[in-house]
Amino acid sequence: MPELPEVECIRSYLEHTCVGAKIALSQLVREDIVGSVGSPRGKRSAKKSTTPKVALLDSSTLVGVERKGKQLGLIADNGRALLIRLGMSGQLLVVESVDKNLSHVHAVWSLRFNNTLKFLLFRDPRRFGSILPCRNRAGIDDHWNKLGPDALTISQPILWQIMKNRVTGVKALLLDQARICGLGNIYVDESLFLSGIHPKKQACFLNDVELQLLAYSIRRVLSKAIHAGGSTLRDYRTPDGAEGNFQKAHSVYGRIGLLCTMCKATIVGDIVGGRTTAFCPNCQAL
DNA sequence: CTGGTCTCCTGATCGC
DNA sequence: TGCGATCAGGAGACCA
């Protein structure tokens, strides 16, 4: 479940190891992971994959790897760009040779360096992820402009803009990528715990102090997670196969029924916005 | 505009 | 040993 910290770790790895490489699509195993901007994965949209392979980066040089929220952008020197969403279980792996036994590899690119050849794999068992080819850099921005501000740099005034006049519960708002992007179930629960706010508290009732604390908590939880290499629960790996360590530092996520690390109360679970939610009834009183 | 529910998909886990 | 049921969950679709 790559959220912002995991995607940032992947981005940073790819930037350091793959920028400058000549990249070319060598295999598209499943065409249905390719969508187009605007209709992220056609589902029933009858238009069969007419996506030309050239649109998936072809014989160009990778010049940048960018991120907004949970999405990645691979930028090539010929103007082409790929927007990649990893969904629930998506991985981008950099390998020296392609292992035929590795399951669920949907696309393979070759990466040619001065005198070495590597491969970039898009692997996604649950197939909630997708790859969106963009004609140019602006195509990525068209998409990213629909997202709210990036959670990693969220500030109190911006959070206030998002929360004011909204009767919705805080958690539901924080999960809405169009309002603030990058947070998923894990980091929303962790941020709310750190700021002592109940997930169902109505957004418009947050006072200045709480907004300040929430903005700080979001930035803090995310940056600590990035430094820990992200949270590996099941599928997440950096492109070199390494696991993250932040799952060991979770305070509430995955700890329903266990004791709160702050007050020893029992962490409780609830369903908020259709998702399992963990919080401390004492530290996060409504 | 809002909230709820369903859908996609696979692998892990659990009860029998 | 194996089988079916259950669950996890990002985000779009759809409905009230």
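Every chain is numbered from 1, with letters handed out A, B, ... down the list of sequences.
Ring-plane geometry between A:H250 and A:Y187 is classed as perpendicular, the angle between the planes exceeding 60 degrees on a 0 to 90 degree scale with a lower cut at 30.
Per the geometry, CD1 belonging to A:I271 stands 13 Å off C1' belonging to B:dG4, to the nearest Å. Counting to the nearest Å, the P atom of B:dT5 and the CZ atom of A:R275 are 14 Å from each other. Atom P of nucleotide C:dA11 and atom CG of A:L83 are separated by 12 Å, given to the nearest angstrom. Regarding A:L174, its CG atom lies at a distance of 14 Å from the P atom of C:dA11, rounded to whole Å. Between the CG atom of A:D32 and the P atom of B:dC9 there is a distance of 8 Å, rounded to whole Å. Rounded to whole Å, atom P of C:dG12 lies 7 Å from atom NE2 of A:H143. Per the geometry, CG belonging to A:D270 stands 11 Å off P belonging to B:dG4, to the nearest Å. The distance from atom OH of A:Y236 to atom P of B:dT10 is 24 Å, rounded to the nearest whole Å.
We find that the ring of A:F128 and the base of C:dG10 stack, their centres lying under 5.5 angstrom apart and their planes tilted less than 30°.
Salt bridge status for A:D235 with A:R126: present, with a side-chain N to carboxylate O gap under 4.0 Å. In this structure, A:E243 pairs ionically with A:R237, as a charged nitrogen and a carboxylate oxygen lie closer than 4.0 Å. Using a 4.0 Å cut-off between charged side-chain N and carboxylate O, A:D124 and A:R30 make no salt bridge.
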Show me the donor-acceptor pairs within less than 3.5 Å that the side chains of residues 94-101 of chain A make with the rest of the protein, sequence neighbours left out.
| from | atom 1 | to | atom 2 | distance (Å) |
| --- | --- | --- | --- | --- |
| A:D99 | OD1 | A:N101 | N | 2.8 |

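Across all strands, A:R179 comes closer than 4.0 Å only to sugar-phosphate atoms, never to a base (heavy-atom distances). Within the nucleic acid shown, A:Y253 comes within 4.0 Å of sugar-phosphate atoms alone, with no base atom in reach, counting heavy atoms only. Residue contacts shown for A:T276 are limited to sugar-phosphate atoms, with no base heavy atom under 4.0 Å away.
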Between the protein and nucleotides 11-14 of chain B, which nitrogen or oxygen pairs are less than 3.5 angstrom apart?
| from | atom 1 | to | atom 2 | distance (Å) |
| --- | --- | --- | --- | --- |
| B:dG11 | OP1 | A:H104 | NE2 | 2.6 |

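Considering only side-chain N and O atoms, A:Q177 lies nowhere under 4.0 angstrom from the phosphate OP1 or OP2 of C:dG10.
Among all heavy-atom pairs drawn from A:I75 and A:A81, the shortest one is CD1-CB, 4.1 Å.
Heavy-atom nearest nucleotides on DNA chain B were determined for A:R30 and for A:T168, and the one closer to the 5' end corresponds to A:T168.
Among the nucleotides B:dT2, C:dG12, C:dG10, the one closest to the side chain of A:R85 is C:dG12.
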**Prompt:** Going through the checks in order, is the salt bridge (charged side-chain N to carboxylate O under 4.0 Å, His left out) test met by A:K70 and A:E6?
**Reply:** CA-CA 8 Å; A:K70 310 173 190 174; A:E6 291 77 28; over 6 Å; no
